[in-house]
Amino acid sequence: EKEKAAEEESRRAAAAAELLRKQEAAKQREAEEKEKAAEEESRRAAANAELLRKQEAAKQIEAEERRAELKGLANFKEQQDSSDAEVLKKLAMALGKDLKWLQNGGGEDVYGNKWKGVKWDAKNERVVTIDWARQGLKGELLPIIGQLTSLQTLNLRCNWNLTGSIPRTIGNCTQLYHFIASYTKLSGGCCGLLCCLKWPICVRRPSNLQL
């Protein structure tokens, strides 16, 4: 009986030792899995940080290209070979808008393209009306506006951040008879505008323009 009791005790001890070994192994595996998970999380964080860095760098490059483009547009001289469509694109971009905005609804040209707030003379493929009132425009009106020589109506009303002087090249718009610039920050140049046009025109002006 003592021998049997000793054998039973030995088996119990061995079973306990085996259980303890398995528990330690399980703990070890759990620790290794946690370590791997921590390493994976660290890799993901590093990858996200790198992605964010690249995105910020891309945004900075895009912003610099945009500034360079606008700087070039600000110094743009009148080019007689530019179409009205190209003039509209440059005007819109200089006033803080993109091509998606410009070509979203409005009048159609002879090719079926839609232009925001623009009416065309289909026969001559020329712009006759620009109605960009209340569009959140910002910046200055470029001198290339003078290339729109068939323009009859120009409505820039309620664009609070539209600044600068009216370009004297607008005197080339020999058919312009309706100009609306109320509730903008256009300053100066209105007297020069009337001197340039030299024909009757209906002007609705901002309060800071002196006629």
Side-chain angles (χ1 to χ4, degrees), residues 69-70 72-99 101-111 113-211:
E69 183 178 9
L70 291 179
L73 287 174
N75 297 324
F76 186 85
K77 301 299 182 181
E78 185 176 0
Q79 297 178 353
Q80 296 298 331
D81 59 345
S82 293
S83 68
D84 283 12
E86 289 302 315
V87 172
L88 288 173
K89 292 176 184 179
K90 290 180 172 66
L91 286 174
M93 293 180 67
L95 295 176
K97 299 299 181 180
D98 56 20
L99 297 184
W101 173 85
L102 180 60
Q103 297 178 336
N104 181 23
E108 290 188 359
D109 59 19
V110 293
Y111 306 104
N113 301 313
K114 294 183 179 295
W115 299 83
K116 187 82 169 183
V118 176
K119 291 183 180 179
W120 294 79
D121 177 353
K123 181 179 179 180
N124 298 314
E125 300 183 27
R126 302 303 307 274
V127 172
V128 295
T129 296
I130 296 178
D131 185 356
W132 287 350
R134 300 178 184 275
Q135 295 299 320
L137 304 180
K138 55 184 178 181
E140 298 186 7
L141 195 61
L142 294 181
I144 57 174
I145 187 70
Q147 295 183 34
L148 303 178
T149 54
S150 295
L151 187 64
Q152 299 173 11
T153 298
L154 178 59
N155 185 3
L156 302 174
R157 184 175 186 268
C158 293
N159 287 290
W160 309 99
N161 294 314
L162 186 59
T163 60
S165 300
I166 300 170
R168 294 187 64 85
T169 53
I170 204 170
N172 297 328
C173 302
T174 55
Q175 298 184 45
L176 183 65
Y177 68 87
H178 202 184
F179 177 73
I180 307 173
S182 52
Y183 302 103
T184 69
K185 293 180 181 178
L186 288 171
S187 60
C190 199
C191 181
L193 164 68
L194 298 182
C195 292
C196 285
L197 295 179
K198 298 179 182 178
W199 63 84
I201 180 173
C202 174
V203 178
R204 297 183 187 176
R205 58 188 173 81
S207 58
N208 55 326
L209 283 181
Q210 299 299 322
L211 290 176

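When reading the values below, keep in mind they use all heavy atoms of this one structure, side chains included, and skip hydrogens, waters and symmetry mates.
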Check whether any side-chain heavy atom of [X] lies under 4.5 Å from a side-chain heavy atom of [Y], and answer yes or no.
{"X": "N155", "Y": "I130", "answer": "no"}
{"X": "V127", "Y": "W120", "answer": "yes"}
{"X": "T169", "Y": "I145", "answer": "yes"}
{"X": "K97", "Y": "L137", "answer": "yes"}
{"X": "L141", "Y": "P167", "answer": "yes"}

To the nearest 0.5 Å, what is the distance between [atom1] ([X]) and [atom2] ([Y])?
{"X": "L102", "Y": "Q135", "atom1": "CG", "atom2": "CD", "result": "10.5 Å"}
{"X": "L91", "Y": "K89", "atom1": "CG", "atom2": "NZ", "result": "12.5 Å"}
{"X": "Q103", "Y": "K116", "atom1": "CD", "atom2": "NZ", "result": "12.5 Å"}
{"X": "L176", "Y": "L154", "atom1": "CG", "atom2": "CG", "result": "6.5 Å"}
{"X": "W115", "Y": "N104", "atom1": "CH2", "atom2": "CG", "result": "12.5 Å"}
{"X": "D131", "Y": "T153", "atom1": "CG", "atom2": "OG1", "result": "8.5 Å"}

Indicate yes or no: does D121 engage R126 in a salt bridge with an N to O separation below 4.0 Å. no
With respect to L156, which candidate in L95, L162, I166 satisfies the side chain to side chain contact (heavy atoms under 4.5 Å, CB included) definition? L162
Ignoring hydrogens and geometry, is there a side-chain-to-backbone donor-acceptor pair from [X] to [Y] under 3.5 Å?
{"X": "E86", "Y": "D84", "answer": "no"}
{"X": "K138", "Y": "N159", "answer": "no"}
{"X": "N161", "Y": "G136", "answer": "no"}

With side-chain contact (heavy atoms from CB on, under 4.5 Å) as the criterion, how do L186 and T163 come out once you've worked through the C-alpha distance, each side chain's angles and the decisive distance to 0.1 Å? CA-CA 5 Å; L186 288 171; T163 60; over 6 Å; no
Is the distance between the ring centroids of W132 and W101 less than 6.0 Å? yes
